[in-house]
**Q** 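Sharing a structure below in structure tokens format, with a few things to ask.
In the text below, chain A, chain B and the rest are named by the order of the sequence lines, each starting its count at 1. Model, not experiment: these values are computed from the prediction.
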Amino acid sequence: MQDLYIYNSLTRKKEKFVPIYEGFVGMYICGPTVYSDVHLGNCRTFTSFDIMYRFLKYLGYKVRYVRNITDVGHLLDDGQDRISKGARQDNLEPMELVQKYMNGFHHMMRTFNNLDPDIEPRATGHIVEQIEMVQQILDNGWAYIRNGSVYFDTVKFAEVKKVYGKLSGRKIEELQAESRKLNKQDEKRHPSDFAIWMKAGQDHIMRWSSPWSEGFPGWHLECSVMSTKYLGKHFDIHGGGNDLKFPHHENEIAQNIGACDCAPANYWIHTNMLLMNGRKMSKSDGNTITPDELFTGDSPHISRAYSPMELRFFMLQTHYSSTLDLTDAGLLAAAKAYKRLMEARRALQSLQSTASNGDQDQQIKQLMQKAIDQMCDDFNTPKALAVLFELVPKINSLADGKTKMDTISQTTLEALKTFFDQMIFEIFGLEDDQLIEGNKEELQSVMKLIIDIRKQARADKNWKLSDQIRDQLAAANIQLKDGKDGTTWTIG
RNA sequence: GGUCGGGUGGCCGAGUGGCUAGGCAGUGGUCUGCAAAACCAUGUACGGCGGUUCGAAUCCGCUCCCGACCUCCA
């Protein structure tokens with residue numbers, strides 16, 4: 001198996017990936033809190049991890065991909081539970097609200113062609129385990145009880161274990177100064193302490209009995225518990241958006257160490273944020289767009305609709321660790337490049353060679369290997385994509401006869417076909433919009449008829465008719481392409 | 001204020017101490033009835049100032065600017 005290198009947020013270095021059990025990978029990704037419609041930024045994050053999941057599988061690993069659904073405990077800064085608040089607003093039972101937005105989330109993930117995780121555990125389904133972990137942390141002396149709530153003692157933990165703040169680069173002393181204004185500070189010994197069990201207020205809907213109070217688990221606890229339950233105390237990869245680095249992941253590590261004296265994951269991967277027009281997306285100042293608005297084009301920020309696959313391609317052009325700036329110009333450019341790649345792929349699949357060896361064989365083999373090498377270098381999709389685009393002109397040249405077919409051997413050609421499909425469909429997780437839309441038999445026969453009529457018109461030098469057919473089809477978003485071997489067509 | 005990440009040619013976006021990233025747009029050419037598509041060719045690029053080096057966009061220092069996080073967020 002080829003070596004894979006991953007940038008580890010924990011060590012701030014690119015490291016060779018060595019799984020705990022050879023051939024197996026345990027990967028935990030922090031999933032969404034399902035209290036409102038899925039944010040486009042979520043789509044970016046989970047698409048990034050989807051590509052890692054896909055690539056790990058491509059390399060031959062047996063991967064267990066766990067991604068949670070947060071349906072309790074994630075509080076707003078006024079102390080209200082996000083789910084409870086949403087449920088009140090929509091006049092729904094909390095679990096109804098969770099179901100509604102979870103369904104929406106799943107639908108969007110599939111729209112982007114993201115693979116389902118292998119396990120998708122929910123926080124409310126693991127209250128018992130969370131209570132157990134709170135008890136372990138208490139037993140180990142890393143937490144204290146105040147008025148029915150349980151708080152993690154970050155000061156003591158930091159002093160003894162010396163790891164608190166390692167992931168996020170924080171220091172306890174610095175945290176103190178900045179967090180004085182927060183709620184419930186009076187109950188905490190130190191501002192950086194955090195709740196692992198919260199006593200529920202009178203009007204708090206979501207509550208469970210525990211040894212300490214009727215209440216609910218702290219937000220960070222679910223991930224510690226569920227990663228441990230499904231991947232073990234010590235697993236390979238833990239990921240999430242880099243906005244979760246602090247406090248969520250820092251606290252998660254503290255909890256795991258506090259409970260079992262064992263750091264949860266070897267490799268921490270953080271994806272960067274999605275921006276729009278250079279700034280953070282924000283509902284309040286109108287700098288925002290929903291996935292559906294992108295798909296319909298119904299937004300002042302874009303000049304036309306973009307398909308989920310055009311967006312996925314757009315994401316691939318930027319490394320997961322960089323901010324991705326969504327702009328209309330960028331999307332337009334990506335959509336064209338996406339189309340070019342897909343058309344080259346289609347052209348490739350229809351090529352045939354009988355040669356036993358060819359002048360281009362060596363170079364094409366090197367490029368294929370190079371693309372995989374780039375993916376092995378911290379999942380560098382932009383570079384891998386660049387390699388595919390080095391192959392595109394070669395393929396097109398073969399397809400329209402500018403390069404002779406005997407410059408590529410049958411073996412290399414077949415390998416290239418397989419490689420292209422693996423890269424595009426299996427690893428990048430793209431789909432060919434054209435095949436989905438243009439596959440209908442009826443459309444195929446209608447287009448054949450139209451092209452035949454135009455062919456006759458051209459033979460008769462009836463340019464008026466042939467141009468009319470071409471222009472009106474173009475207006476209907478169908479493009480004709482006159483090649484050496486006749487006319488082909490594409491949508492878009 | 002603290003932490004982290006950035007500033008690359010018209011736009012987007014990789015990247016490494018010396019070897020063409022790539023995409024989009026532009027220009028010239030081939031092809032075409034004309035186009036489109038495709039192919040070929042083409043661009044003073046690396047925020048600023050110093051330093052290290054035979055050589056730096058790539059390393060170091062300073063400085064300016066931007067973003068994220070530090071408080072709910074993927």
**Q** For B/G6 versus B/G10, give the span between their P atoms, rounded off to a whole number of Å.
**A** 23 Å
**Q** Side chain of A/A329, heavy atoms from C-beta onward: which of B/C11, B/C39, B/C69 has the nearest atom to it?
**A** B/C11
**Q** Base, sugar-phosphate, or nothing: which does A/S322 touch, judged by heavy atoms less than 4.0 Å apart?
**A** sugar-phosphate
**Q** Rounded to whole angstrom units, what separation is found between the NE2 atom of A/H249 and the P atom of B/C70?
**A** 13 Å
**Q** Mind checking A/L341 for me? I need base, sugar-phosphate or nothing, with any heavy atom below 4.0 Å counting as a touch.
**A** nothing
**Q** Would you indicate what A/G41 reaches in the nucleic acid, counting non-hydrogen atoms under 4.0 angstrom: base, sugar-phosphate, or nothing?
**A** base
**Q** A/D378 CG to B/U16 P: how many Å, rounded?
**A** 11 Å
**Q** Take a 6.0 Å sphere around NZ of A/K481 and say whether it holds more than 12 heavy atoms from other residues, nucleotides or ligands.
**A** yes
**Q** Once each nucleotide of nucleotides 30-35 of chain B is scored for protein heavy atoms under 4.0 Å, what B/S/- sequence comes out, 5' to 3'?
**A** -S-BBB
**Q** Taking B/G18 as the reference, what is the distance to B/C59 when you measure between their P atoms (whole Å, please)?
**A** 11 Å
**Q** Give the intermediate values and the outcome of ring-ring contact (aromatic ring centres under 6.0 Å, His included) for residues A/F112 and A/F295.
**A** CA-CA 11 Å; A/F112 277 105; A/F295 303 154; 5.7 Å; yes
**Q** Excluding sequence neighbours, so at least two apart, what forms ring pair (Phe, Tyr, Trp, His ring centres under 6.0 Å) with A/Y101?
**A** none
**Q** Closest approach to the side chain of A/Q479, judged atom by atom: which nucleotide of B/A37, B/G22, B/G23 is it?
**A** B/A37
**Q** With a 4.0 Å cut-off on N to O distance, would you call A/R67 and A/D50 a salt bridge?
**A** no
**Q** As a check on the pairing definition, encode RNA chain B in dot-bracket form, counting Watson-Crick and G-U wobble pairs whose two distances are under 3.5 Å, and using | for partners outside this strand.
**A** (((((((..(((.....[...))).(((((.......)))))....(((((..]....))))))))))))....
**Q** Determine the interatomic distance between C1' on B/U53 and the same-named atom on B/C60; round to the nearest Å.
**A** 12 Å
**Q** What residue among A/Q363, A/Q360, A/K394 forms side-chain hydrogen bond (donor to acceptor under 3.5 Å, both in side chains) with A/T407?
**A** A/Q360
**Q** Please report the distance, rounded to the nearest Å, between CZ in A/R12 and P in B/G5.
**A** 7 Å
**Q** What is the distance from CG of A/L391 to C1' of B/A38, rounded to the nearest Å?
**A** 16 Å
**Q** Is there a side-chain contact between A/L331 and A/L326 in this structure, where contact means two heavy atoms from C-beta onward sitting under 4.5 Å apart?
**A** yes
**Q** Whole Å only: how far is the CG atom of A/L324 from the C1' atom of B/C66?
**A** 17 Å
**Q** For the CH2 atom of A/W489 and the CD1 atom of A/I451, what is their distance to the nearest 0.5 Å?
**A** 8.0 Å
**Q** Between B/C64 and B/G50, how far apart are the two C1' atoms, rounded to whole Å?
**A** 15 Å
**Q** For the pair made of CD in A/Q374 and P in B/G15, what is the distance, rounded to whole Å?
**A** 9 Å
**Q** Which residues, if any, of residues 306-320 of chain A bring a heavy atom under 4.0 Å of RNA chain B?
**A** A/Q317, A/T318, A/H319
**Q** Please give the distance between the P atoms of B/U16 and B/U58 as a whole number of Å.
**A** 13 Å
**Q** Show me the side-chain donor-acceptor pairs of residues 397-405 of chain A shorter than 3.5 Å, one per line, residues at least two apart or across chains.
**A**
from   : atom 1 : to     : atom 2 : distance (Å)
A/S397 : OG     : A/P393 : O      : 3.3
A/D400 : OD1    : A/K402 : NZ     : 3.3

**Q** Under 4.0 Å, counting only non-hydrogen atoms across every strand here, what does A/P382 touch: a base, just sugar-phosphate, or nothing?
**A** base
**Q** With RNA chain B as reference, determine whether A/P393 or A/S321 sits nearer its 5' end, using the nearest nucleotide of each.
**A** A/S321
**Q** Give the nucleotide from the list B/G15, B/A25, B/A74 with an atom nearest to the side chain of A/N380.
**A** B/G15
**Q** Determine the interatomic distance between P on B/A45 and the same-named atom on B/G29; round to the nearest Å.
**A** 26 Å
**Q** Between B/U71 and B/C11, how many Å separate the two P atoms, rounded to a whole number?
**A** 37 Å
**Q** Would you classify A/L244 as touching base, sugar-phosphate or nothing, given that sugar-phosphate means primed atoms plus P, OP1 and OP2, and contacts are heavy atoms under 4.0 Å?
**A** sugar-phosphate
**Q** Angle class for the A/F152/A/F194 ring planes (parallel below 30°, perpendicular above 60°, tilted otherwise)?
**A** parallel
**Q** Whole-Å distance between B/U71 C1' and A/N251 CG?
**A** 13 Å
**Q** Separation of A/L275 atom CG from B/C11 atom C1', in whole Å?
**A** 17 Å
**Q** State plainly whether the residues A/D452 and A/K455 are in salt-bridge range, i.e. N to O under 4.0 Å.
**A** no
**Q** Of the candidate nucleotides B/A38, B/C39, B/A74, which contains the atom at the shortest distance from the side chain of A/V392?
**A** B/C39
**Q** On RNA chain B, compare the nucleotides closest to A/D377 and A/R279; which residue's is nearer the 5' end?
**A** A/D377
**Q** Count the heavy atoms of every other residue, nucleotide or ligand shown that sit under 6.0 Å from CD of A/Q362, and state whether that count exceeds 12.
**A** no
**Q** From the list B/C39, B/A74, B/G13, which nucleotide is the closest neighbour of the side chain of A/N396?
**A** B/C39
**Q** Which part of the nucleic acid does A/K245 contact within heavy-atom distance under 4.0 Å: base, sugar-phosphate only, or nothing?
**A** nothing
**Q** By the 4.0 Å heavy-atom rule, please label A/A337 as base, sugar-phosphate, or nothing.
**A** sugar-phosphate
**Q** What side chain to side chain donor-acceptor pair (under 3.5 Å) pairs are there with at least one residue in residues 27-47 of chain A, not counting sequence neighbours?
**A** A/Y28-A/N68, A/T33-A/H74, A/Y35-A/R82, A/T47-A/N114
**Q** Over all heavy atoms of both residues, which pair between A/H249 and A/H238 is shortest? Give the atoms and the distance, please.
**A** NE2-NE2, 3.7 Å
**Q** Considering only NZ, NE, NH1 and NH2 on the basic side and carboxylate oxygens on the acidic side, decide whether A/D116 and A/R110 come within less than 4.0 Å.
**A** yes
**Q** Considering only side-chain heavy atoms of A/F246, which listed nucleotide, B/G23, B/C70, B/G67, is closest?
**A** B/C70
**Q** A/F389 has a side chain; which of B/C24, B/A74, B/G23 sits nearest to it?
**A** B/G23
**Q** Is a side-chain donor-acceptor pair under 3.5 Å present for A/N396 with A/E343?
**A** no
**Q** In whole angstrom, give me the gap between the P atoms of B/G47 and B/G13.
**A** 15 Å
**Q** Please determine whether a side-chain nitrogen or oxygen atom of A/K280 lies at a distance below 4.0 Å from atom OP1 or OP2 of B/C69.
**A** yes
